[in-house]
Amino acid sequence: MGSLNPNLISADLTVIMNEAVELARRYMKRNVYPELMLFVLLQHPEISARRLIDVFIEKRGTDLEKLERQTRNAMEARNDPNGDLDFLMTSGQKFPLSKQMLVALDEALSIAQSIGEVYIDSDHLLASLTDRRLGTGALLQQNGITEGPVLDLLGGQPASKRRRDNTSGGTSIDVVAEARVGNLRAVHFREDLLRDMINILSQSVHKHIVLVGPDGVGKRTLAYSLALLITEGKGPVGLEKFVQIDEKAYLDNSVEAMQSGVMRAQGGILFVPHIHRFFGGPAKAEFPKAGQNLQKAFLGYDPIIICTTTQAEWEGRVNKVSAISEHAQVLRVPEPTREETLEILQVMRPHLAGDYAIEVNESALHTAVDLAKRYIGNMPLPRSAEHLLHRAAALVSMNNQQHLAFKPQLQDNILDAEDVTLAAAQMTGIPVSKLDADERTKYARMVEHLHERIVGQNDAVLAVSRAVKTARVGLRDAKRPIGSFLFLGPSGVGKTELARALAEFLFGSEDAMLQIDMSEYMEENTVSRLVGAPPGYVGYEGGGQLTDRVREQPYIVVLFDEVEKAHTRILDIMLQVLEEGRLTDAQGKTANFSESVVILTSNLGAHNLQTSLIDEHVRETVMEDVRSHFRPEFLNRLDDIIIFHPLDDEHLREIMELLLAQEMRIARERGLKLQFTEKAIAWMLDQNDNPELGARPLRRIIQRYVRETLADFLLGDTLPPDATIVIDAKRDGLKFAVK
């Protein structure tokens, strides 16, 4: 025996049939039959079948209580033989359908297909139950519900007469009808954009609208706000419906789904999110066959099409479709401002509180906007702030459930700024202490913070700090990077270390740094590794090493190491980043560098820097080498060119002490205590045979004489608890002893 195809019935009808199975078991019936289904349909006032019955109650005086009583009696008395088909329940169990139930479902499918629907919904089944071949036909007829009027209500009648308000289970949904019965949440009205939209809809030509903007700026919400205006009778004259096709219907049969949506939206608006999915040929389009029917709809104005897409997809795919470009107008939807986002979150606030059974503090909204704007740069406002609030609300809700609470001592029912900060730390990986720090206090001690890691480069630290502070208080071009610097100096003097320290200070982690070795980009064709390969080349879909990372993590330090070795085409790309603060990859996607720091390092002129005193003469000599290599327009776009001087013995000693302090921290994390004597430090510094390489040899010395020797020492002896390993020096090397 086979099973009923679950893709033939809507989500509503699936729920109803599962309930019918439970009812059949309660009454010890061996299958699901029409009378049983009718009784269950009557118990659900929210579904489309019951709403059809409400029309008969209102217009023909049908007595609902009488109908329910008669249906119950017929259900209890009925026994119908099994058909050759089972219903597959959501639990995975199978339950037989009766012969008459198969007739009802077959007729319901014919009715659905005749009006262009993909699924059998509850109203289609009700129409089939009026058939005289079924026991329910006479029962419904006695109560004034007959086949002809039901089919009329399902046909081409206006929505105000038809009362057919599908839920998400059907092929499409009329958002206006859903709003009238309270099934649509309130949304924020962006009045300027709404006015522009209504102005276009009120024209006699070019009335279709393409909403263009980044994903997450509120294009769909803008469209829904128009539907709410129509619900209140304040929309454009003559538009009574706002229809959206269910996404699952596209997957089942995109052509029929589009046909059904266009048919149902006549007299109103058909809303099509992500319209680019229907165009671009079989290689790109998700639903290319449905695109033909959509193009035909653009050639007329009944229904009017409102659709959404991004700028890249509009230029790459949609604008090339003449039926759209010649009959539609583009309305650009920008990212809302901080103030607009707060207004959007205020509308969202009661829904958030209701969904998670919590209270939402005003401070949570302000913190969500600030942290989302600064740290969740891979998506725009308001979506980033909404995601952050949902994450924080879930944390508060979890903490109030004993079996899920991660901090029972902090249980409360209020979502506040602290909860949002914790959620942001989880989403971004930035420590809570960094997110929570007061901005003014943080930047006031920027120099001191950098000097905790950078030794001997006072001029460099001061120059970087000044530029970053200036940018942070808003005294910069908003589209350009926070700072752009060229670091000059010999190897091992702290150029890369300063970049790491800056990433840790600004963005909370050294991981917020992308280091690109420009010696790997000496050939012209290597540009594709940064921004992606052009169409038709291998790796085209993969994006670029630079653009992908910055889109994913816009708060980042980008370090181009040994930039003088890069091909001139790479420098042209950097010029665009420095001047415009953005870069478009081979797929047309834009990476925004306005919240990043760009650092270039170079060894140009390093042979002139073998001195601890950098005067104007030395600086000018170095700059002559730099100007002979880089074009003036490139150098003029940098915020500062910073020269690092060689490290003297005292600087090297300070760096050695910093590195050994780091070794002691690592050892402590593993339960070991290390102590270095002054003799040990002096001995290790004496092993530096290449002082011209700066601090780099020091790490190798620690690796060879401390880590490797310590490993042998630990393997050869068992340490007592709380023991301290003292590292001293003799003439022939380091000595390890337990204290």
(message) I'd like to know whether Val32 forms a side-chain contact (heavy atoms from CB on, under 4.5 Å) with Phe87, so could you lay out the CA-CA distance, the side-chain angles of the two residues, the decisive distance to 0.1 Å, and finally the verdict.
(response) CA-CA 9 Å; Val32 172; Phe87 170 64; 5.8 Å; no

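- Annotation for Leu134 and Ala104: closest pair CD1-CB, 3.7 Å, computed over non-hydrogen atoms.
- Nearest heavy-atom pair across Leu388 and Met427 is CD1-SD, 3.7 Å.
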(request) List the steps and the verdict of side-chain contact (heavy atoms from CB on, under 4.5 Å) for Leu13 and Met37. (result) CA-CA 10 Å; Leu13 192 53; Met37 283 297 303; 4.1 Å; yes

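- More than 12 heavy atoms of other residues, nucleotides or ligands shown are found within 6.0 angstrom of CD on Glu232.
- A heavy-atom distance below 4.5 Å is found between the side chains of Met17 and Ile9.
- Atom CD of Gln203 has more than 12 heavy atoms from other residues, nucleotides or ligands within 6.0 Å.
- Atom OG of Ser10 and atom CD1 of Ile16 lie 9.0 Å apart (nearest 0.5 Å).
- At distances below 3.5 Å, not a single donor-acceptor pair connects side-chain atoms of Lys296 with backbone N or O atoms of Gln292.
- In summary, of the residues considered (Leu211, Val272, Ile209), a side chain to side chain contact (heavy atoms under 4.5 Å, CB included) with Cys307 occurs for Val272 alone.
- Using modelled atom types, no side-chain atom of Glu313 and backbone atom of Thr310 make a donor-acceptor pair closer than 3.5 Å.
- In this structure a side-chain-to-backbone donor-acceptor pair under 3.5 Å is present from Ser122 to Ala49.
- Counting heavy atoms from C-beta on, the side chains of Ile230 and Glu240 never come closer than 4.5 Å.
- With salt bridges taken as basic N to acidic carboxylate O contacts below 4.0 Å, one links Asp548 and Arg551.
- Between Pro481 and Leu578, the shortest heavy-atom contact is CD-O, 3.9 Å.
- Going from atom OG1 of Thr584 over to atom CD of Gln311 covers 10.0 Å, rounded to the nearest 0.5 Å.
- With values rounded to the nearest 0.5 angstrom, Met263 atom CE is found 11.0 Å from Thr171 atom OG1.
- With rounding to the nearest 0.5 angstrom, the CZ atom of Arg190 is 6.0 Å from the CD1 atom of Ile344.
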(request) Would you sort out whether Leu52 and Ile145 count as a side-chain contact (heavy atoms from CB on, under 4.5 Å), showing the intermediate values? (result) CA-CA 10 Å; Leu52 277 178; Ile145 303 174; over 6 Å; no

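- If you check the side chains of Arg549 and Gln553, you find a donor sitting under 3.5 Å from an acceptor.
- A 6.0 Å sphere centred on CZ of Arg338 holds more than 12 heavy atoms belonging to other residues, nucleotides or ligands.
- When side chains are defined from C-beta on, Phe56 counts as touching Leu153, because their heavy atoms get closer than 4.5 Å.
- In this structure the side chain of Val212 never reaches within 4.5 angstrom of the side chain of Glu315, judged on heavy atoms.
- Side-chain atoms of Glu286 and His274 include no donor-acceptor pair closer than 3.5 Å.
- In terms of modelled atom types and a separation under 3.5 Å, the side chain of Asn199 and the main chain of Arg195 share no donor-acceptor contact.
- Using a 4.5 Å heavy-atom cutoff, the side chains of Met197 and Ile306 are in contact.
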Solution key, residues 218-229 side-chain donor-acceptor pairs under 3.5 Å, sequence neighbours excluded:
unit_1 : atom_1 : unit_2 : atom_2 : d
Lys219 : NZ     : Gly213 : O      : 3.0
Lys219 : NZ     : Pro214 : O      : 3.0
Tyr224 : OH     : Gln244 : OE1    : 2.6
Ser225 : OG     : Leu222 : O      : 2.5

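- Note: Leu251 CG to Phe287 CZ = 5.0 Å, rounded to the nearest 0.5 Å.
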(request) Take Ile245 and Leu270 through the test side-chain contact (heavy atoms from CB on, under 4.5 Å) and record every step on the way to the result. (result) CA-CA 8 Å; Ile245 299 170; Leu270 177 64; 4.1 Å; yes

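- Shown here for Arg50 and His44, the closest heavy-atom pair between the two residues is CB-O, 3.1 Å.
- Using a cutoff of 4.0 Å between basic side-chain nitrogens and carboxylate oxygens, Lys373 and Glu335 are scored as salt-bridged.
- Donor-acceptor pairing under 3.5 Å is recorded for the side chains of Asn592 and Ser594.
- Between His208 and Pro303, the shortest heavy-atom distance links the atoms CE1-O, 3.6 Å.
- Without hydrogens or angle criteria, Arg317 side chain to Phe279 main chain gives a donor-acceptor distance under 3.5 Å.
- One finds no salt bridge joining Asp54 and Arg51 here, because no Lys/Arg side-chain nitrogen approaches an Asp/Glu carboxylate oxygen to under 4.0 Å.
- Put simply, the side chain of Arg264 never gets that close to the backbone of Val243: no donor and acceptor are under 3.5 Å apart.
- Between Phe298 and His327, the ring centre distance reaches or exceeds 6.0 Å.
- Judged by distance alone, with hydrogens and angles left aside, the side-chain atoms of Lys241 form no donor-acceptor pair with the main-chain N or O of Gly267 at under 3.5 Å.
- Within the 3.5 Å criterion, the main-chain N or O of Met258 finds no donor-acceptor partner in the side chain of Tyr250.
- With hydrogens and angles ignored, the 3.5 Å screen pairs no side-chain donor or acceptor of Thr308 with any backbone N or O of Pro273.
- Between Tyr119 and His124, the gap from one ring centroid to the other reaches at least 6.0 Å.
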(request) Step by step, work out the side-chain hydrogen bond (donor to acceptor under 3.5 Å, both in side chains) result for Glu19 and Gln43. (result) CA-CA 10 Å; Glu19 287 191 21; Gln43 311 309 309; over 6 Å; no

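- Residues Thr14 and Asn18 meet the side-chain proximity criterion, which asks for heavy atoms closer than 4.5 Å.
- Counting only heavy atoms from C-beta outward, the side chains of Val103 and Asp131 never approach each other to under 4.5 Å.
- The backbone N or O of Ser48 sits nowhere less than 3.5 Å from a side-chain atom of Asp12 that would complete a donor-acceptor pair.
- Considering CG of Asn7 and CD1 of Ile120, their distance stands at 11.5 Å, rounded to 0.5 Å.
- Looking at every heavy atom in both residues, Leu125 comes nearest to Leu41 through CD2-CD1, 4.4 Å.
- Residues Asp215 and Arg383 have side chains in contact (heavy-atom distance under 4.5 Å, counting atoms from C-beta outward).
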